[in-house]
Amino acid sequence: MKIIDAVLGFFKPTVVEKEREVKTVRLDAVDSTNAYLRTYTPADDEPMSVVVADYQTAGKGQGTNTWESEAGKNLLFSVLVHPTMLPVRSQFLLSEAGALALKEALADYVKEDIRLKWPNDIYWKDKKLSGTLIETKLAAGRIKDCVFGVGLNVNQETFHSDAPNPVSLCQILGHEVDKEELLNKIIKKFSELYRLLEMGGYNDISAMYHEALYRRGGFHKFRDADGEFDGAIVEVEDDGHLILRDSKGMIREYQFKEVEFII
Ligand SMILES: O=C(O)CCCC[C@@H]1SC[C@@H]2NC(=O)N[C@@H]21
């Protein structure tokens, strides 16, 4: 039994709950699914909303990057949740849960070599299969809204943008994949992991995330503002900081974009 199934089994409520209703909006084209959900008003009884598009005219990547994707080929979707139960200082756990949901859903297709590259990319070997853009809105000291925007390369066979190391499921498997089926599996896994967060399973989410980390264990090459160095991952804190130990034994702490993996 995989750790994730054991953990989710342990947290299963004694009374069978109604499965969480997930409202899904399907669009042919949109500027950005993240932007769509930022102005979306969910119904009162809608704890989780999903929007999926075949094409984005202004897909956003991390920082100032754009996200390019051939029309109709890949999964481009965003999920809106309202995690008011989670302390703001621990909000990176949402990112961990999202990345784990993708990894778990992908396990039905690719048996090995899928890892989570800090903070939340999905890598197959040394290639990027998926990127996630998370945007949160705080109100009264709580996380009112959290939008997870996922770009997952599914059936695209050639990549023309300058994105580093892209790969698609179709390139890995040698055949096309049903995007709808894959999306359903991801949303189901995400619902389960989100439920675990609601029940306070913070240590379990964090343990599963660390277990699945890309370049976990041993020294690897990194680059920060001072240049290249060899470092080993010590941990990722609940606020998302990456802690590395360099070859001289010095502990170094980074926010996203302050350090890069040399691949
Ligand atoms: O740079 C990254 O790695 C993050 C990319 C996130 C892209 C996805 S595609 C669906 C959603 N809508 C957007 O505009 N961006 C995210």
Side-chain angles (χ1 to χ4, degrees), residues 22-40 48-81 91-92 94-103 105-106 114-137 145-156 159-169 177 179-180 182-184 186-187 190 209 212-215 236 240 242 254-261 263:
V22 180
K23 165 101 184 288
T24 304
V25 176
R26 285 159 215 284
L27 304 169
D28 290 337
V30 68
D31 51 355
S32 147
T33 54
N34 269 36
Y36 181 94
L37 281 185
R38 255 187 275 126
T39 56
Y40 176 83
M48 192 176 285
S49 326
V50 177
V51 59
V52 54
D54 271 342
Y55 184 65
Q56 294 183 129
T57 53
K60 274 187 64 181
Q62 296 284 356
T64 54
N65 296 344
T66 54
W67 185 261
E68 290 179 34
S69 173
E70 206 178 310
K73 293 283 181 181
N74 301 317
L75 272 177
L76 304 167
F77 68 96
S78 300
V79 182
L80 171 66
V81 284
Q91 61 179 297
F92 190 72
L94 290 162
S95 180
E96 295 183 358
L100 283 166
L102 287 165
K103 180 174 186 296
L106 287 166
I114 300 277
R115 313 293 298 170
L116 311 183
K117 178 169 167 282
W118 176 81
N120 52 27
D121 286 346
I122 308 295
Y123 263 52
W124 173 75
K125 298 188 174 172
D126 289 323
K127 290 173 176 278
K128 180 162 170 168
L129 187 54
S130 156
T132 301
L133 176 64
I134 299 184
E135 298 178 290
T136 50
K137 196 188 283 171
D145 297 329
C146 175
V147 175
F148 293 85
V150 178
L152 171 57
N153 300 327
V154 183
N155 291 324
Q156 187 161 334
F159 291 89
H160 308 288
S161 76
D162 53 5
N165 318 322
V167 71
S168 68
L169 266 183
V177 165
K179 290 192 297 162
E180 190 62 28
L182 174 56
L183 178 64
N184 289 340
I186 295 167
I187 300 303
F190 182 70
Y209 175 81
L213 270 180
Y214 174 75
R215 295 208 167 157
V236 178
L242 175 67
Y254 297 98
Q255 286 185 30
F256 183 44
K257 295 279 186 196
E258 288 180 346
V259 66
E260 64 175 296
F261 292 73
I263 296 172

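Just follow the structure's listing: the first ligand is 1, and inside any ligand the first atom is 1.
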Please say which of L80, L37, I187, T33 ends up in a side chain to side chain contact (heavy atoms under 4.5 Å, CB included) with V50. I187
By salt bridge (charged side-chain N to carboxylate O under 4.0 Å, His left out) - contacts of E180 (at least two apart): R26
For ligand 1, list the protein residues that place a heavy atom within a distance below 4.0 Å of one of its atoms, sorted by chain and number. S32, T33, N34, Q56, G59, K60, G61, Q62, W67, L76, F77, S78, D121, K128, G131, T132, L133, G149, V150, G151
So, Y209 versus F92, ring centres under 6.0 angstrom or not? yes
Do V150 and S130 have side chains that get closer than 4.5 Å, going by heavy atoms? yes
Residues two or more places apart in sequence or in another chain: which of them pass salt bridge (charged side-chain N to carboxylate O under 4.0 Å, His left out) with K125? none
Looking at residues at least two apart in the chain, or sitting in another chain, which of them share a ring-ring contact (aromatic ring centres under 6.0 Å, His included) with F159? none
